[in-house]
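One structure is given here, and the rest of the page talks about it.
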Amino acid sequence: MDALPPSLHFEPRGDVGTLRLSRSHKRNALDDDTVAGLEQFFSAVPDNVKAIVLHGEGDHFCAGLDLSELRERDVAAGVFHSRSWHRAFEHIEFGRVPVVAVLHGAVVGGGLELAAACHVRVAERSAYYALPEGSRGIFLGGGGSVRLPRLIGTARVMDMMLTGRTYGADEGVALGFSQYAVDAGTGLAKAIELAERIAGNAPMTNFAVMHVLPHNAEQDRASGLLMESLMAAIAQGDPEAKRRLQDFLEKRAAKTVHR
Ligand code: 1HE
C-alpha cells in the first residue's frame, strides 16, 4: 500500500482494518490530500482485509469540507474538486469490502456525505448531523444530493439545508442517519464487533449486498429482479456457499435466532 497522507491512519487488526481521520486540530475537515488519500486507500484495500472501520480522532467525526481551501477555487476547479470527492466516495460505497463508520460529535456537511457513502453507521450519543452548506453559500458536492435523500428522504435534506435544522444520534437511528446508537466511547468497539461479523460472511455475499442492493434501488423492477437472479446463482455457485450450506445441513452451523 502506498503511503497515506498524515491525515489518515490505517491499522490492520486481522480480517478487519481501521482507518482513522487524523486531523483533529481541524476537526477532521477534509482537505484535498485527505480526499485523495481516501480514494487511494479504498481503491486498493489490502487483500487480507475483509471489512473496514472508519472513525475520527478527537471530539468530532468530521467537520466537512476544509473551508480554507475553498477561497482560492474558480468555477471549473470547483467542478473538478467535487468530482474528486465523487471518485473517492464511490470507491468507498462500491469498493471491495464493507465499511462501518463510527460517528461522534460533528457529522456535518461533507462529513455527513462521507458517512452516507459507508455501509453501516454506528453513532455515539454525541453525534449530530447538519448540512451547513446553505448558510456557507455553497452546495453539497460529495454525492450528498444523491445519497442523502435515499437515506433520510428529500424533504428532510431540504429542511436541513434551507433552515439549518440539525438532528441528534438517537433520533438519527429512527430517521436513517445511522443503524445503531451507542454510549460515548463505545462506538469503535461496537463497529469493530460488527466489522468482524461482516468479515466472517462469504466475500461473494458481501460483494452482492454492497453492489446489487443500491443498484436495484435505482433500476427498473424487471432489471432488478433479473440482476437478483444472476447474483443469487453466482453467490450460491461459489465453493464458500457450498461449504456453508453443508455445515448447516450437518448441524455444524449456528442457527438463526433473535437475541
Ligand atoms: C475548519 C473546519 C472546516 C473546523 N474547514 N477548518 N463545515 C462546516 O461549516 C463546519 C465548520 N466547523 C464548525 O462549525 C466547528 O469547527 C465544529 C462545530 C465542527 C467544531 O467546533 P470546535 O469549537 O470544536 O472547533 P473550532 O474552534 O471551530 O475549530 C478548530 C479549528 O478547526 C479551527 O482552526 P484554527 O486554525 O482556528 O485552530 C477551525 O477553523 C478549524 N475548522 N472546521 C476548515 N470545515 C464537498 S462539499 C461539502 C461542503 C461542506 O462540507 S460545507 C460544511 C463545512
Side-chain angles (χ1 to χ4, degrees), residues 5-9 20-42 54-94 99 101-118 121 123-152 154 156-169 172 177-178 184-185 187:
S7 52
L8 291 176
H9 185 83
R20 187 173 73 237
L21 300 172
S22 307
R23 210 175 167 237
S24 56
H25 62 292
K26 294 289 178 189
R27 307 308 183 249
N28 298 324
L30 299 171
D31 60 354
D32 289 352
D33 283 351
T34 306
V35 173
L38 287 170
E39 180 182 356
Q40 176 198 327
F41 177 79
F42 283 103
L54 176 67
H55 65 124
E57 185 178 279
D59 293 337
H60 302 280
F61 172 67
C62 177
L65 171 72
D66 186 319
L67 295 167
S68 68
E69 289 187 341
L70 202 60
R71 276 187 305 231
E72 316 299 336
R73 222 170 264 140
D74 63 19
V75 170
V79 173
F80 290 120
H81 174 263
S82 168
R83 298 302 283 166
S84 75
W85 281 52
H86 290 170
R87 276 198 313 277
F89 291 7
E90 286 287 294
H91 279 296
I92 296 176
E93 185 174 1
F94 298 113
V99 182
V102 184
L103 310 178
H104 73 300
V107 184
V108 307
L112 181 52
E113 294 183 289
L114 172 61
C118 299
R121 284 163 293 279
E124 293 193 357
R125 296 239 143 68
S126 63
Y128 65 95
Y129 311 102
L131 292 172
E133 283 84 346
S135 64
R136 307 269 182 240
I138 53 177
F139 190 60
L140 297 156
S145 66
V146 172
R147 289 193 183 92
L148 289 171
R150 297 200 168 106
L151 216 53
I152 56 172
T154 302
R156 197 161 284 120
V157 178
M158 275 195 187
D159 184 26
M160 291 175 76
M161 294 195 72
L162 293 174
T163 70
R165 181 164 180 178
T166 63
Y167 290 95
F177 287 92
S178 84

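Numbering of ligands and ligand atoms starts at 1, following listing order. All residue numbers in this chain count up from 1 along the given sequence.
Between Y129 and F177, the angle of the ring planes stays under 30°, which puts this pair in the parallel group of the 30/60° scheme.
Residues satisfying the salt bridge (charged side-chain N to carboxylate O under 4.0 Å, His left out) criterion with R20, sequence neighbours excluded, are E57. Remark: R23 engages D31, D66 in a salt bridge (charged side-chain N to carboxylate O under 4.0 Å, His left out) (not counting sequence neighbours). Under the rule for a salt bridge (charged side-chain N to carboxylate O under 4.0 Å, His left out), the partners of E39 that lie at least two apart in sequence or sit in another chain are R87.
Panel note: side chain E124, backbone G185; a donor-acceptor pair is recorded below 3.5 Å.
With salt bridges taken as basic N to acidic carboxylate O contacts below 4.0 Å, none links R83 and E90.
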Between ligand 1 and the protein, find all N/O pairs closer than 3.5 Å and give the distance for each.
unit_1, atom_1, unit_2, atom_2, d
ligand 1, 5 (N), L65, O, 3.4
ligand 1, 5 (N), L67, N, 2.9
ligand 1, 7 (N), A63, O, 2.7
ligand 1, 9 (O), R136, NE, 2.6
ligand 1, 9 (O), R136, NH2, 2.8
ligand 1, 24 (O), R27, NE, 2.8
ligand 1, 24 (O), R27, NH2, 3.4
ligand 1, 24 (O), H60, NE2, 3.4
ligand 1, 25 (O), R27, NE, 2.9
ligand 1, 25 (O), R27, NH2, 3.3
ligand 1, 32 (O), H25, O, 3.3
ligand 1, 34 (O), K26, NZ, 3.3
ligand 1, 36 (O), K26, NZ, 2.7
ligand 1, 45 (N), A63, O, 3.1
ligand 1, 45 (N), L65, O, 2.9
ligand 1, 51 (O), L65, N, 2.8
ligand 1, 51 (O), G110, N, 2.7

